[in-house]
Amino acid sequence: MSHPILQAEDVTKTYDGFRAINALNFYLFPGELRTVIGPNGAGKSTFFDLLTGRAKPDTGTIRYADSDAAPSIDLTDLNEYEIQRLGIGRKFQTPSVFAEHTVFTNLVLSLKGPRGVFASLFHRLDSSARDRLDSLLKLIRLDDKRHWKAGLLSHGEKQWLEIGMLLASEPRVLLVDEPAAGMTDEETHRTGELLLSLRGQHSIVVVEHDMTFVKQISDGGRVTVLHQGSVLCEGKFDDVQSNPKVREVYLGRGKH
Amino acid sequence: MLRTLSIFLFLLAAAALSAAPDASRARLLAALVAPADQQVAAVRALVGLEDAALVPTLTAWRAAELYLVTTGTASPVPALLAPLPGDADGRLQALAVADGLPVKDPATGQPLTFAPKELKALDTTAPLRRAIRDVLEVAGVADPSPAVRRESIERLGQSRKADHLPLLQARLAIEFSPAVRSALQDAIAFIQLADPAVEVRLQAITDLAAAHSLAAAARFKEQIALPADAPGAASPVELAALKTAVKTIEDHWSRVNFFGNLFRGLSAGSVLLLIALGLAITFGLMGVINMAHGELMVVGAYATFVVQNLFAAAFGPGSLAFNFYFLAALPVAFAAAALVGLVIERGVIQFLYKRPLESLLATWGVSLALQQTFRLVFGPANVQINAPAWLQGGTALYDVAFAYNRLFVIGFAVLVVFGVWLVLNRTPLGLLVRAVMQNRQMASCIGVKTTRVNMLTFAFGSGLAGLAGACLSQLGNVGPGMGQLHIIDAFMVVVSGGVGNVLGSVAASLGIGVTDQLLQPVLGAVMGKILVLFAIILFLQWRPGGLFPTRSRSLD
Amino acid sequence: MSAPAKLSDVEPRFFTRAQWASFIVPTLVLALLLPLLNALLPADSLLRPSDFTLNLYGKYATYAVLALGVDLLWGYLGILSLGQALFFSLGGYAFGMHLLLMIGKDGQYKSDLPDYMVFLGYKALPAHWEPFYSFPFALAAVLLVPALLAFVFGWLAFRSRIKGVYLSILTQALTYAAALLFFRNDFGFGGNNGFTDFKRVLGADLNSPATRRALYIASIALLAAVFLLYRWLTRAKFGHLMQAIRDGENRVLFSGYATARYKLFVFVLVAAITGLAGALYVPQVGIINPSEMTAEKSIEAVVWVAVGGRGTLIGPIIGAIFVNALKSWATREAPERWLYILGGLFIVVVLFLPGGIVSLPTKFRTFLAKLRRPPSGPTAS
Amino acid sequence: MLKKITQTLGAGAFALGALASALHAAETVKVGVLHSLSGTMAISETSLRDVLLFTFDEINAKGGVLGKKIEPVVVDGASNWPLFAEKAKQLLEQDKTAVTFGCWTSVSRKSVLPVYEQNNGLLFYPVQYEGEELSKNIFYTAEAVGQQATPGVDYLLNELGKKKFYLLGSDYVYPRTTNLVLKEYLASKKIPAANIKEVYTPFGHTDYQQIVAEIKQFAASGDACVVSTLNGDTNVPFFRELANAGIKSEDCPVMSFSVSEDEFRGLPTKDLVGHLGAWSYFMSLDTPANTAFKKNFFAWLEKSTVPGIEKKGRVTNSPMVLSYVGVYLWKAAVEKAGSFEVDKVRAALESGVVFDGPGGKATMQKNHHMTKNVYIGETLADGQFKILKSYEGVYGEPFLKGTFK
């Protein structure tokens with residue numbers, strides 16, 4: 001078995017005495033699409049915050065591998081943009097796009113490339129970048145709305161745009177927080193297909209509530225159940241679903 | 001009040017003049033009309049003269065209120081002016097120093113009346129006034145008023161003349177007031193510093209050290225600094241005693257200053273707290289940057305001014321009831337500022353809850369307009385606010401001074417903080433306020449009338465500003481520009497305390513107040529203030545959310 | 001919602017031809033024609049702008065540069081800095097030092113030292129003053145001193161991610177502390193009186209009409225240049241990033257941009273340019289003193305921007321000129337009431353005209369459109 | 001874009017039109033009044049505007065100057081120093097005023113000085129100041145340091161026998177300069193440096209606890225006094241704190257140079273009783289000229305129609321009287337010169353015109369300062385000064401530093 005690309009070991013994070021993450025261990029392998037589920041307050045968003053530098057763990061290590069070797073880069077020392085530049089992209093739970101900018105500009109700003117002050121002063125779009133933008137716009141089905149202000153898009157379209165922005169930056173790891181929220185069933189399904197199509201080239205972690213969607217994207221992949229800040233269990237969707245502990249803390253509450 | 005007092009004094013003087021032991025009175029009169037070059041000596045010779053007219057006559061002379069009255073062809077008579085009973089024109093009768101009787105018109109035999117400017121006051125010169133003062137000081141040792149006695153005794157002690165020693169010692173034997181006794185002991189010790197006997201001198205040094213006399217420390221240091229061969233230089237034994245004494249006294253005062261600084265810091269912090277509390281509500285909880293907050297304080301201060309004038313008009317400015325105007329002014333100040341706040345909220349701020357930075361601009365416009373309104377209504381000059389008697393003066397404990405108005409401000413700040421805490425945590429309004437402040441939309445979804453809550457909260461914060469203004473009127477000036485002096489300080493307190501946290505504002509204001517007062521003696525007022533500002537800026541680098549930050553899990 | 005027109009692409013044209021014309025024509029009129037008329041026409045000609053007017057508009061132009069900086073920070077980057085008057089004054093002080101040394105022996109005491117130094121008993125010029133004899137050095141200081149302060153403060157503040165209201169209040173505190181410092185006589189910059197009674201610049205008599213014209217032209221030229229520079233900045237990808245930071249800094253951060261560096265860059269750049277405007281301001285008004293750097297002055301500059309229209313580049317210019325012209329007029333014509341006029345203006349603008357004066361035509365058109373169409377019918381917007 | 005720029009120009013044209021000067025009327029002479037009517041200094045300067053307008057009316061009622069009526073041009077300097085310079089330019093270049101009466105703070109004077117020199121204008125400056133300045137275009141009716149501070153300190157030294165001096169001031173040029181001179185003066189009077197303490201507080205300082213605690217210990221020896229150059233507002237917290245600390249004027253008198261009758265209106269005078277002041281005029285001066293001045297001024301106030309003018313509880317003070325004196329000196333000089341021309345008027349003034357004003361005889365000197373009386377007064381509870389001592393005919397000398405050895 002190869003080395004994990006992302007590895008969190010024994011991570012703890014406390015907010016005002018509340019243990020949001022408690023001795024968590026998590027390993028993500030290259031090309032994997034991992035689904036993370038868990039009841040509200042299980043620590044899913046905090047976990048993403050820790051991975052992306054928005055919060056620092058109290059104890060434990062979070063490491064990332066930028067090559068095939070064992071993960072060696074300590075993410076806890078880095079801040080948001082440094083982690084992003086390493087190739088870890090994140091989509092937020094509530095879609096966060098630049099509402100005052102056009103769809104097109106939103107993507108341009110996310111495009112992989114130099115991120116420095118002077119680079120952006122003298123930035124020019126070359127033709128290959130334009131092609132890439134065009135294909136992205138088609139992928140997220142916003143081609144005809146490329147000049148719309150992003151703020152005018154529907155909720156679902158914003159979710160897509162944000163996924164598009166994520167892809168534009170060509171990350172190695174995608175952290176996707178509730179991508180299907182606010183979408184119609186059809187949109188949700190398409191989102192699932194998109195994510196599945198990315199599997200392999202990218203390593204993906206998806207946090208989701210919608211069990212139908214989880215079932216769709218887990219597709220033989222592993223599902224991690226978080227509970228009270230730690231991993232309750234991990235395994236194939238069916239195994240997890242039949243796990244009595246999971247049923248007790250999560251499914252047993254009547255959701256699905 | 002003052003007028004009654006002066007009438008009383010004159011009556012006293014009149015009584016003193018009338019009981020005339022002839023020999024001493026003649027000496028007094030002789031001194032008054034002595035030739036200019038002998039006058040000082042003649043006055044100095046009056047020391048110890050036992051004549052009831054001595055003190056009133058000399059006091060009047062020194063104040064240029066002793067007049068020469070000429071009647072007909074007779075030579076001018078020195079006289080004091082006293083009110084004529086029952087006369088409304090303010091004309092005064094002259095009581096001759098010689099016999100205490102009114103000077104009469106030689107023709108009609110009726111008492112003559114004068115206005116002060118019709119008469120020539122008996123001239124004095126500076127050396128003469130000093131001589132008069134010296135005589136009065138000696139006389140003052142036996143004055144009925146303990147305050148006068150104490151002051152006279154202190155002066156005699158500082159003059160260090162051995163000839164006053166018997167007088168002081170005699171007084172000590174019969175003095176009963178503890179404060180005057182201690183002053184006497186100090187004065188005696190002071191004089192004894194020049195005693196020929198070394199034991200007496202050493203004892204005097206020890207006594208003064210025990211009394212922590214600062215004046216003594218200054219003298220001791222001068223003596224220590226004298227070269228060994230200079231006249232009056234201390235012997236080695238004495239020198240050691242002097243050094244120990246200086247150390248004892250200085251140690252005492254540095255302790256006093258330390259505790260004094262703490263108290264002053266506490267009081268400065270309380271002032272800051274009062275100013276900032278309203279802002280902690282409107283800015284901290286509601287997120288409105290109200291640049292007119294300072295002007296709301298001014299509203300409170302002017303309200304106090306108006307209440308003061310009403311009380312003065314109704315009860316008279318010297319009356320007992322007048323002293324309670326301030327208590328009546330507090331609720332009025334709160335209400336007035338709250339009302340103005342309400343108008344501002346309805347008129348301007350309600351449209352700007354989603355645009356906090358723009359509320360800054362609009363309220364700045366409001367503050368300009370308010371300032372000009374103050375100018376037009378109350379005039380561009382500061383208005384005069386007289387503190388009620390119970391807020392004047394102070395007391396000292398272990399030499400640390402506690403001014404009553406400062407003590408009041410500290411106590412009042414505690415009360416107001418407690419009040420705010422009660423309102424926010426123990427009333428239905430408080431619950432609604434906290435709900436709305438945490439999430440306006442959610443609160444309105446669950447049926448809270450957010451408009452009303454906003455209105456009331458803002459009015460409440462404004463009212464607190466009014467209370468602060470009322471308090472400040474007892475400490476500083478009240479004028480149209482007064483609000484601008486405090487606004488930045490107030491914002492700094494709220495920001496460094498942590499927005500949305502009243503407890504943070506308490507801690508921050510006390511911290512800033514104490515730091516400022518501790519820095520001031522070392523760096524001076526200006527650098528102290530600058531340093532505090534930079535410290536706050538740096539502090540916020542370290543804790544961007546302030547002392548007690550409020551965390552939020554949303555992205556922006 | 002009709003499909004929005006093809007508005008901004010990533011690299012829109014800097015200026016269309018019409019825009020170039022509408023930029024160049026007024027600039028030339030202001031920068032060349034007016035001073036020319038002033039110089040050539042006889043004093044009693046109705047067409048001749050007076051020395052006083054030119055001088056006044058030169059001053060307004062430097063204010064407009066200050067306002068442009070405020071707007072770049074606030075309207076584009078979302079940083080409401082209440083410290084811009086400080087940078088303006090620092091530039092003014094740096095240049096004032098040079099001007100003060102250029103007085104030479106023409107001061108009150110006929111000494112090489114500036115008057116207040118003679119008076120306070122300085123024996124020699126302090127070492128940090130020496131280089132200010134050189135015009136190029138002074139010019140460099142005009143740019144670098146504000147930039148350096150902006151760098152230190154900005155680095156600390158942006159690194160700690162202080163933003164919004166906090167940042168505004170911190171800049172206000174910084175300004176306040178600096179003003180207090182400059183008010184101190186011991187600080188060595190003339191205390192409350194500041195610098196005044198300048199005589200000449202680059203050898204030319206500061207009070208001659210020709211020099212004043214030159215200063216006026218320089219102010220207009222600076223304004224035009226800064227306008228172009230800022231326009232270029234806001235049109236580049238950099239400009240989009242600025243606005244993105246304004247609207248959602250965290251998203252930009254998670255897109256891999258070191259937002260603190262962007263903010264710092266703009267903050268420092270604006271500080272330097274604002275300092276330059278301050279340097280041009282000082283010889284035109286003849287005085288620089290610490291009351292110019294109070295928070296109040298910064299807020300005034302923010303108000304100009306708000307009145308003119310923030311988030312546009314023409315708005316701050318209009319606002320700065322309009323508000324100051326209004327103030328010049330009102331302090332003469334309505335000395336008792338002008339604070340109401342000004343205060344009322346701010347409230348009205350903030351409440352009813354958030355887009356400022358530049359949004360008036362649009363508002364007016366919308367209003368007309370509403371009049372023409374009955375309100376009951378469905379509108380296309 | 002083009003539209004936007006036309007908007008800009010439109011705004012400019014608006015201002016241009018507003019600034020265009022009115023036509024001259026032949027029978028009047030325009031006179032500028034340049035004071036702050038808003039902002040922080042309005043508190044003091046508004047009174048000067050009032051007294052100036054009164055003086056003009058008084059002169060106009062008697063036929064004006066050289067047969068011309070005075071037409072005042074009142075502008076608001078708004079406590080904004082560059083604006084002062086702008087307004088001065090406007091008065092000189094647009095309104096062509098023959099003379100300006102104005103300024104209170106030194107910085108406002110410094111700000112307009114180059115304007116007056118460049119346009120060869122004429123400014124009368126009425127407020128006590130630090131000296132160290134002499135412009136051919138400014139006439140200083142103000143008290144120089146030698147006409148206020150040194151007589152005040154003389155009084156403390158000679159009459160009260162004080163030996164320790166606590167020099168307390170606001171941190172700006174006037175107090176700094178005054179104290180520099182005073183330190184030299186005290187040294188020349190053999191007061192050791194150790195007995196002098198110099199302390200400054202910022203403008204608008206509100207907390208004098210620390211300083212008063214220090215004064216209390218400084219004054220423990222009984223021969224100390226405070227020489228205060230505290231500015232305006234800050235006097236209130238200072239005197240409040242002083243009174244509450246139990247420091248009495250008998251123990252440690254405060255001699256203030258910036259507190260006049262006008263300031264007393266906003267001070268708790270009870271706290272100031274017995275403390276001292278030094279000015280070249282006190283409202284309580286009992287001379288026929290002063291009685292008439294007060295009567296006429298208050299009568300004028302009663303019927304004045306100036307918007308927002310205060311009519312009640314008004315007092316007179318030294319800067320007001322010196323403004324008044326300035327106008328009359330200017331009038332006398334114009335009449336002596338037979339012309340409004342600045343150079344001729346200046347020559348006439350320098351030749352030594354005299355005006356017997358409410359504060360006594362004032363003679364303009366060649367050095368643009370005035371010889372005048374100086375009075376030392378003690379504060380009474382009713383906000384007036386009781387005159388303790390007068391120094392007559394004190395010469396006005398702006399350059400005092402270094403003269404006391």
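Lettering follows sequence order; numbering is per chain, from 1. Only heavy atoms go into these numbers, but all of them, side chains included; no hydrogens, no water, no symmetry mates.
There is no contact between B:Leu531 and chain C, counting heavy-atom distances below 4.5 Å. With a threshold of 4.5 angstrom between heavy atoms, B:Leu370 does not approach chain C through any atom at all. Heavy atoms of B:Thr363 lying under 4.5 Å from chain C are absent altogether. Interface remark: C:Leu174 contributes backbone and side-chain atoms alike to the contact with chain B (heavy atom separation under 4.5 Å). Neither the backbone nor the side chain of C:Arg161 comes within contact range of chain B, judged by heavy atoms closer than 4.5 Å. Looking at C:Ile162, the atoms closer than 4.5 Å to chain B (heavy atoms on both sides) all sit in the side chain, from C-beta outward. Both the backbone and the side chain of B:Leu540 come within contact range of chain C, each with at least one heavy atom under 4.5 Å from a heavy atom of that chain. At a 4.5 Å heavy-atom cutoff, the contact between B:Ile537 and chain C is made by backbone and side-chain atoms alike.
Counting heavy-atom pairs closer than 4.5 Å to chain B, the top residue among C:Ile299, C:Leu345, C:Val302, C:Val348 is C:Ile299. Note on B:Val532, B:Ile530, B:Val495: by heavy-atom pairs under 4.5 Å with chain C, the leading option is B:Ile530. Between chain B and the options C:Glu296, C:Arg184, C:Arg310, C:Gln172, heavy-atom pairs under 4.5 Å are most frequent for C:Arg184.
Relative ring orientation between C:Phe352 and B:Phe351 is described as tilted, the plane-to-plane angle lying within the 30° to 60° band. The aromatic rings of C:Tyr63 and C:Tyr60 sit parallel, their planes meeting at an angle under 30°, below the 60° perpendicular limit. Note on ring orientation: taking the six-membered ring where Trp is involved, the planes of B:Phe378 and B:Phe305 are perpendicular (angle over 60°, cut-offs 30° and 60°). Using cut-offs of 30° and 60° on the angle between ring planes, the pair C:Phe182 and C:Tyr93 is tilted. The aromatic rings of C:Phe346 and B:Trp364 lie parallel to each other, their planes meeting at an angle below 30°, with 60° marking the opposite boundary.
Taking 4.0 Å as the cut-off between side-chain N and carboxylate O, B:Lys529 and B:Asp489 count as a salt-bridged pair.
A pairwise comparison of heavy atoms in B:Gln350 and B:Arg346 identifies NE2-O, 2.6 Å as the closest pair.
A donor-acceptor contact closer than 3.5 angstrom is absent between the side chains of C:Ser298 and C:Gln84.
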